[in-house]
Each structure stands twice: as structure tokens, then as C-alpha cells.
Amino acid sequence: MTSKIIPPIASKFPKSITRHRHTRTDDYYWMNERENPETISYLNAENEYYNKMTENTKDFQKELYEEMKARIKEDDTSVPYFFNGYHYITRFETGKNYPIFSRKKGSLDAPEEIMFDCNEMAIGESFFNLAAFSVSPDNKFATFSTDTVGRRIYSIKIKNLETGEVLYDHLQNTTGSCVWANDNKTIFYTSQDEETLRADKVYRHQMGDIQVSDKMVYFEKDDTFNVDVHKTKSRKYIVIDSESTLTTESRILNADKPLGKFTVFQRRKRGIEYSILHYKDHFYIRTNADDAENFKLMKTPEATTKREFWEDVIPHREEVLFEDCEIFNDYLVLEERTNGLTRIRIMPWENGAEYYLPFESETYTAFTFANVDFDTNILRYSYQSLSTPSSIIDFNMETKEKTVLKEQEILGGKFDKNNYIEERIWVTATDGVKVPVSLVYRKGIKMNGENPLLQYAYGSYGASMDAHFSSTRLSLLDRGFIYAITHVRGGEDLGRNWYETGKLLTKKNTFTDFIDCSKYLIENKYTSAEHLYAEGGSAGGMLMGVIVNMAPELYSGVIAQVPFVDVVTTMLDDSIPLTTGEYDEWGNPNKKKFYNYMLSYSPYDNVKAQKYPNMYISTGLHDSQVQYWEPAKWVAKLREFKTDENVLFLDTNMDAGHGGASGRFEALKELAKEFSFLLNLEINKM
């Protein structure tokens, strides 16, 4: 890298923003004008600067890309699942970026029916995503939703699976969520507010009608709520869920009577969350009612859904977070979290003792999926750890026999999971709370403070960051990196309270947890400040923005992907997608106490004259969740204030949104940029 290349200097047009008699001046507010030629010019100038500054790493990026791609089985096929008479399969073909969705009737030996070849559908598109498809009960038709911009605004169409014809039905401005009624001609789907992209309406569509004739069956007036629609596993009910961060309300309709009216399952009450499953003549309810902070399981007769008829099935437990469940004819299966680890609990309805599936590693993750039928003794689940590739397993709940249907294949012949060590440590945070950290590294590494270490965290929305395997991560591990997942507060890794003490007016625990873990890793010689790197995306990108303001001296480099960094301005603008629904997560800055608290940590507002680490920041022009202008403004302000010679890159994908590039191999190119950023910094220290 060379300092002779001059970075872009953004124009400054001061804008005053006043709230609660406090005025902030934002010199780069103008960047939120997406159609402004000067905005596009600035983003292009930053991209050109990044490309020039990293020109000497282009061959290395290509090497990393080819290395990561070579580990991936290109002609890969999913484990089929059986539903309503058909085996459903997802497969990839060599050299192609997108999946092919197919099915086989009755037997895996039956002829393949290709439903959707996304490679053909993506021709001519710079971005393509098939978000979901839903097959009609008679197996003749399928709805499918696509996005060709990256802004997560989907169009829904209908395909005749017998003839291959795509019908004239075209439902625009939807969330992609769609379900069939049992009459094989009625569809329920959700649409979005055009400005905020809040999912706020549910429509009923009759096959063959034009969209303007669709009937709106539900409108969510509260702008802090979003709606979704789905069908119960029993296939008897269509369910509309209205959800905010803290509150739920569901409506149900008999799927045999699609022209009927939805009825409220249980009216919303602030702070009460619930989700429903239907089985035989009862509804089963996962809820936090009755102060069940970690949730419990209740049930109520099908005909009497009001709260006074609910009764406990699995009571609340202080030490166990009840995350989800699966219902079978003979078994109830619970997904739980204890001491930061997931567990699967098998409970016969009648005969036999309950038991847990045995897992040996202390850095694993396991979860159930694709269990679509009631009448089976087979539970399908996935297992993986930081050093163990993902496996799909069928478990006979009666005989307790386990069949590994597929383990992720790592090509190249060099991978051996026995060459890596997994470790979980506990770090005492500033306030005395113990924070778990999951680590993986190659055997033979000496803890002498000279190892490069990449520390990752997210820490928001109650999202738990489980220890998972990554074949691409091997490109770092095999070059001497240690990888660490920091399970900071704000997730639900250690239960609901772990989330509650990492949001709103306790949000700073997320940041100090991360910094305290960084200090521990340095003090205990896993790494040093010269070799410590941090990474986070979206809300985790905000975490990156805070730590470089609070403790820049701890990190050699930072990767911030689509970072949410202009917290106060964004949360004051209720026209931006997601804002109003986020008040229960971050607080409503229209209230002074939340305004002041946000302002005290907002990365953009707290940039100051100091040294900052080397930084690689990425975004997408069409991002609907964290608008591109947040990282763009942040970089412009960092360039203005930082007092060091460290590199600062803004890399904007002009064709993508929040999820980055579409296609499994295009995404590897973005990852190669990040890895080359880290590895090149290490090489320059030698």
C-alpha cells in the first residue's frame, strides 16, 4: 500500500438537527440523496480509491477466492425432505452460482421435476434472489417470490408445475411471504409500506385475478409492528402474526374456509409474546406470559383460545431458555439453551422417559429442521461445531438410532478436523458478569501474544451467535489466525436476561463486554493489540463503530459490514425502513432519556480527533435495512478527524443490498476482499 494515493474528500454542507433543545450539526447529511449525482460520484470515488490502494492485493484476492471455492462441492445436493407425496431437493451444478429446486413424486427413484432453475431465472440480472416458494395442496401450482435489486422488495408469481407455464398473476411490492388455502386457488400474502418497507398488510388473492382486485384482510395500524402470514403444520389454519420487539398478536382462519374472517387468538398486551402451533384438538403456545422470562409451553382447547383457558405443559425455568419446539404424534421435541449451549430434548407424550440428545463438544450448535410431518418417529436435525462440518442427521426417537445422512464435504483433501482445537473460555466483564467466548485454532499454536486473532460479535435483537463451522474460515486458520466468537450481551446466548441487559438503556454492556474480552485475549497471550482484529455486520457493525471510538488502541484492524452507525439520526427519521419497529430495541429518541443515551454511544456522533485502527467498511447501494449513507457519512467524518496514517476503506457494492452480492461464488469474492485486508496487514508486519 502507498500513501501517495490521495483519499476522497467529501463536500460539507452543514445541516442542523435539533431535538430536546440540543442541536447537532451533520456536515454529510446530503449523502442520503440516493439520486444526487454528487452522492454517486463520492461512492464511486471511494471505490476507486479502495481499488487503487489494494491493487497489489488483487492477485492475492483471486488466490483466496479460488482457494475458498475449491473447498466447496460445486455439484452439491441437499438431503431430500418428504412432504405431501413428494421428495423436495435443492441442488447446485458445477460452475453455476444459483440453486436448482426440484422434486420427485413418491420415490427418490422417480423422474426429477425441475421447479425453479435460478441460474436461468437470473440471466441478465446483476442481482437475483428467489426468496421462497410455496406449493399448492394439490401439488399442481407453486408461488415464488423474487428480488432483482437487493432491496428485499419481492414480486410473487405463480407457476403451473405440470406445464411449466408462469401465470399472469403478478403480485408486486410484497415481503415474499405467501401461503395457500386448502382450496388450491386462494393465496394469502403480505405487502409493505412503499416508503418504510414495513410489512403492514395481508391480502387475499384468487388465482387468475389482477392484483388491484385483491382484498385486504388485515392492516396493522401500529407502526411499531410487522405482519407475517403462515400455515400451521397441521395444515388446518392460516395464521397472521403481528409482532413488535416485545409484543405479539395472532389471528387464525380455517384454511378450508379462505373467504371467512380471521379471528384474534389472544389480544395483544404489551410485553407478552407468544407463538402458536396446532395439533389435534389443541393449540400449543410458546409464551413469556406470567413473567416467564425464558418462555414456557402452554396449551388451550381449539375452540377456546382466550388466555384464561391456557394451561402449562412445560413450566418456566430460570436456568433454561425455551427457544422452540416440534410436535409429533408420539413425541414433543424441545429446543432449549442452557449455559450458552443448545440442547434437544425428546419427550414421549405417553410411554417412556424423556432424554436429551448427547453432544460432546463445548462449542457446537444443533437445531431441528424440515420436520414437516406429524406421523413419524424420525427427528431430523443439524449438528456442527467450530471444527466439525455441518451434518444432517435423522434420529429415531423410539430406537435412539442415529443416521448421518450427509456431512458437509470439504474438498481438496487437506482438511482434517482433528488438526484444530476448539475452546470455550469465560471472561469477567467490568461489572462482574462472565461472558463466554468460543475459539478455534490450529494445533501447535503457541500462546505467546504473536498470533493474529479475529474477534467477532453481533449482540443485538436477542440473536444468539452459535459456534458454527465455516469452510471459508479455514483460509485464516491455516495461516495462523485464531477465530473467536464473543457472546456479548444483547444476544440470547445465556437466556432472555442476557438480551434484556444488552439493549435500550443497558446497550453499552454490549460494547464493554466486547472490549473486556479483547483485553482478556491480549492479557492471556492469545494475541496482542498489534495482531488483534475485530469484525461485525449490521448491528454488529455498530458495535465495531463504538469500539473504535472507545478503545481504538486495542485493534490493529476492523471490518464493519453494512454498519448501523448513525443511530440518532436514523432513529429520529420514521420514514426510514425499520425505524419505528426498532424503538423497543434501541429506544425512541423522541424521548429525551433515550436521545441522550443513544447520543452517548452513536458511532457517527462520537467520532473524534484520535488514532483509529486500519478499517475496511462495506455497504450496498440498495440496502433497505442499513442505508448506504450511514457508512458513507461515517467514513467521510473519520477521514476528517482521524490523526493516523492507517488505511480506511469504503467499498460499496453498487448492485446489492443488505445481504451483499447474490450467488454463492460472488459472495466469496467479497469475503476474499475482507480476508486479504486482514492478511495483508499481517504480512506488512513481518
Test log, rule ring pair (Phe, Tyr, Trp, His ring centres under 6.0 Å), inputs Phe564 and Tyr604: CA-CA 9 Å; Phe564 172 41; Tyr604 182 64; over 10 Å; no

For [X], what residues pass the side-chain hydrogen bond (donor to acceptor under 3.5 Å, both in side chains) criterion, not counting sequence neighbours?
X      : answer
Gln455 : Thr486, Ser518
Thr472 : Ser470
Asn294 : none

Indicate yes or no for a side-chain donor-acceptor contact from [X] to the backbone of [Y] under 3.5 Å, with no hydrogens or angles considered.
X      : Y      : answer
Lys637 : Val607 : no
Arg286 : Glu323 : yes
Asp241 : Ser250 : no
Trp498 : Gly340 : no
Asn606 : Val546 : no
Glu273 : Ser244 : no
Asn371 : Arg380 : yes
Ser676 : Lys673 : yes

NZ/NE/NH1/NH2 to OD/OE distance under 4.0 Å, [X] and [Y]:
X      : Y      : value
Glu354 : Arg345 : yes
Arg442 : Asp478 : yes
Lys233 : Glu326 : yes
Asp584 : Arg270 : yes
Lys633 : Glu630 : no
Lys296 : Asp290 : yes

Atom [atom1] of [X] and atom [atom2] of [Y]: how far apart are they, to the nearest 0.5 Å?
X      : Y      : atom1 : atom2 : value
Asn339 : Asp493 : CG    : CG    : 11.5 Å
Ile421 : Ile482 : CD1   : CD1   : 10.0 Å
Leu638 : Asn549 : CG    : CG    : 7.5 Å
Leu64  : Lys69  : CG    : NZ    : 14.5 Å
Leu321 : Leu494 : CG    : CG    : 10.0 Å
Thr510 : Lys507 : OG1   : NZ    : 3.0 Å

Between [X] and [Y], what is the shortest heavy-atom contact and its length?
X      : Y      : value
Thr388 : Phe469 : O-CB, 3.3 Å
Phe677 : Val558 : CE2-O, 3.8 Å
Ser556 : Lys685 : OG-NZ, 2.9 Å
Pro613 : Tyr555 : CB-O, 3.3 Å

Step-by-step side-chain hydrogen bond (donor to acceptor under 3.5 Å, both in side chains) determination, Asp566 to Thr569: CA-CA 6 Å; Asp566 191 11; Thr569 305; 3.2 Å; yes

NZ or CZ of Lys508 within 45° of Tyr597 ring axis and under 6.0 Å: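 The answer is yes; both the distance and angle limits are met.
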
Lys400 to Phe395 six-membered ring, cation-pi geometry met (6.0 Å, 45°): no

Mutual orientation of the aromatic rings belonging to Tyr441 and Tyr526 [parallel < 30°, tilted 30-60°, perpendicular > 60°]: perpendicular

Tyr456 and Tyr483 aromatic ring geometry - parallel, tilted or perpendicular at 30°/60° bounds: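 Correct class here is parallel.
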
Residues Thr430, Asp516; criterion side-chain hydrogen bond (donor to acceptor under 3.5 Å, both in side chains); working and verdict: CA-CA 7 Å; Thr430 302; Asp516 288 339; 2.7 Å; yes

Full working for side-chain contact (heavy atoms from CB on, under 4.5 Å) between Val333 and Ile344: CA-CA 7 Å; Val333 178; Ile344 298 177; 3.7 Å; yes

Does atom [atom1] ([X]) have a neighbourhood of more than 12 heavy atoms from anything else shown, all under 6.0 Å?
X      : atom1 : result
Lys406 : NZ    : yes
Lys414 : NZ    : no
Asp291 : CG    : no

Step-by-step side-chain hydrogen bond (donor to acceptor under 3.5 Å, both in side chains) determination, Ser177 to His230: CA-CA 8 Å; Ser177 177; His230 70 275; over 6 Å; no

Pairs involving [range], ordered by first then second residue, that meet salt bridge (Lys or Arg N to Asp or Glu O under 4.0 Å) (sequence neighbours left out):
range            : result
residues 460-475 : Arg337-Asp466
residues 444-463 : none
residues 420-434 : Asp431-Arg489

Worked verdict on Ser475 versus Glu67 for side-chain hydrogen bond (donor to acceptor under 3.5 Å, both in side chains): CA-CA 8 Å; Ser475 291; Glu67 180 181 294; 2.6 Å; yes

Would you check if [X] and [Y] make a side-chain contact, meaning some heavy-atom pair closer than 4.5 Å?
X      : Y      : answer
Tyr420 : Leu474 : yes
Tyr533 : Glu682 : yes
Ser538 : Tyr461 : no

Trace of the side-chain contact (heavy atoms from CB on, under 4.5 Å) decision for Tyr612 with Asp644: CA-CA 7 Å; Tyr612 281 89; Asp644 56 83; 3.7 Å; yes

Chi angles and distances behind the salt bridge (charged side-chain N to carboxylate O under 4.0 Å, His left out) call for Arg343, Glu336: CA-CA 5 Å; Arg343 301 197 300 173; Glu336 303 175 345; 3.8 Å; yes

